[in-house]
Protein chains: 2
Amino acid sequence: MDEVAAAIADPVRRRILELLRDRQLTAGRIAEHFEISRPAISRHLRVLRESGLVRDAVVGRERHYQLDPAHFGDLIRWLSQFDQSERWERRFDALETEVHRTRRERRTGGSPYPKERTA
Amino acid sequence: MDEVAAAIADPVRRRILELLRDRQLTAGRIAEHFEISRPAISRHLRVLRESGLVRDAVVGRERHYQLDPAHFGDLIRWLSQFDQSERWERRFDALETEVHRTRRERRTGGSPYPKERTA
DNA sequence: CGGAAGCGTAACCGGTGGGTTACATATTCT
DNA sequence: AGAATATGTAACCCACCGGTTACGCTTCCG
């Protein structure tokens with residue numbers, strides 16, 4: 001996971017990941033989006049490869065790069081442990097209580113909002 | 001968000017964040033957990049402070065550090081866009097709307113699916 | 001076969017990051 | 001007031017990172 005964090009720290013590598021988000025690209029196509037030299041891109045791609053965030057497939061003289069979404073999970077989970085204030089918990093709690101309330105109402109045959117309806 | 005990614009890239013800083021996960025600590029207490037010199041820790045703390053991941057409160061001659069969970073969200077969301085499996089956001093949304101629809105229908109006495117509307 | 005195309009690696013180089021020691025500053029204790 | 005405590009800053013050093021140019025290896029194509 002250390003490699004993933006390091007890989008993500010560089011802005012060029014982050015842009016590469018964004019480029020690969022929904023399409024597959026060759027090294028050359030990726031390089032076209034940047035001003036820096038192709039060897040520089042090549043090394044960024046190696047870092048991404050070794051971190052596991054990206055996989056490559058050799059096709060003739062080209063190399064097709066694509067995301068490997070599996071390796072994002074570890075870092076996401078690590079970060080999430082600090083993010084207890086994020087609304088997930090609250091949304092979950094809200095949904096949970098709503099479901100329970102609905103079940104209770106079904107059981108007792110009462111209407112959804114007890115106070116506004118008697119029979 | 002660039003600063004956050006850079007802050008997280010260092011293993012010492014990641015351990016500091018873990019230390020601060022559920023308790024508040026002074027700079028000295030934090031430094032006790034590491035072999036490196038205190039000035040080194042002090043600079044790591046500055047990086048964390050400037051990235052917004054951590055806040056400090058001066059108490060006498062001590063500085064109490066604590067997490068600022070708000071700033072983790074941006075990076076988490078950015079990472080999540082790549083992780084399809086972590087795509088339970090969509091599943092959750094679907095479940096949420098489903099539950100709400102069910103309750104609404106019960107309340108109005110309508111049938112489960114609008115297209116079957118009795119009228 | 002021979003040149004062009006597509007990529008990666010090697011060697012080099014300047015800037016930055018993270019470590020250290022020495023020092024400055026503010027607060028607490030006696 | 002003066003010593004000890006808690007912490008940050010400054011100056012310095014070395015290792016690593018990210019950039020460049022030069023080069024090597026395959027693969028495609030005339």
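Just so we're on the same page: letters track the sequence lines, and every chain starts at 1.
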### Close approaches to DNA chain D from residues 42-56 of chain A, in residue order (heavy atom, under 4.0 Å)
A:R43, A:H44
### Summary
Taken in chain and number order and not counting sequence neighbours, the residues that satisfy salt bridge (charged side-chain N to carboxylate O under 4.0 Å, His left out) with B:E32 are B:R29
### Message
Please enumerate all residues that pass side-chain hydrogen bond (donor to acceptor under 3.5 Å, both in side chains) together with B:H64, with sequence neighbours excluded.
### Response
B:E62
Atom pairs and distances, donor-acceptor, side-chain atoms in residues 68-75 of chain A, under 3.5 Å, two or more places apart:
from	atom 1	to	atom 2	distance (Å)
A:H71	ND1	A:G52	O	3.3
A:D74	OD1	A:R77	NH2	3.2

Let me have the donor-acceptor pairs involving side chains of residues 2-12 of chain B, under 3.5 Å, with sequence neighbours excluded, atom names and distances please.
from	atom 1	to	atom 2	distance (Å)
B:D2	OD1	A:R14	NH2	2.3
B:D10	OD1	B:V12	N	2.8
B:D10	OD1	B:R13	N	3.2

### Task
With rounding to the nearest 0.5 Å, note down the distance linking CG in B:L20 to CG in B:L53.
10.5 Å
### Near-strand residues of residues 17-35 of chain A, defined as heavy-atom separation under 4.0 angstrom from DNA chain C
A:T26, A:A27, A:G28
#### Entry: Interatomic spacing from CD1 in B:I30 to OH in B:Y65 - rounded to 0.5 Å
7.0 Å
### Query
Going by the salt bridge (charged side-chain N to carboxylate O under 4.0 Å, His left out) test, which pairs reach into residues 39-57 of chain B, not counting sequence neighbours?
B:D56-B:R63
Protein N or O to nucleotides 24-30 of chain D N or O, pairs below 3.5 Å:
none

### Task
Heavy atoms of chain B, cut-off under 4.0 Å: which first and last nucleotide of DNA chain C, 5' to 3', fall inside that, if you could look?
C:dG18 to C:dT28
### Query
CG/B:L48 to CG/B:L17 distance, rounded to the nearest 0.5 angstrom?
5.0 Å
### Message
Going by ring pair (Phe, Tyr, Trp, His ring centres under 6.0 Å), name the pairs with one or both residues in residues 1-50 of chain B, residues two or more places apart or in two chains.
### Response
none
### Query
With sequence neighbours excluded, what pairs up with B:A40 under the side-chain contact (heavy atoms from CB on, under 4.5 Å) test?
B:I36, B:S37
### Message
What is the distance, to the nearest angstrom, from the CZ atom on A:R38 to the P atom on D:dC23?
### Response
18 Å
### Query
Just by distance, do the side chain of B:S80 and the backbone of B:I76 share a donor-acceptor pair under 3.5 Å?
yes
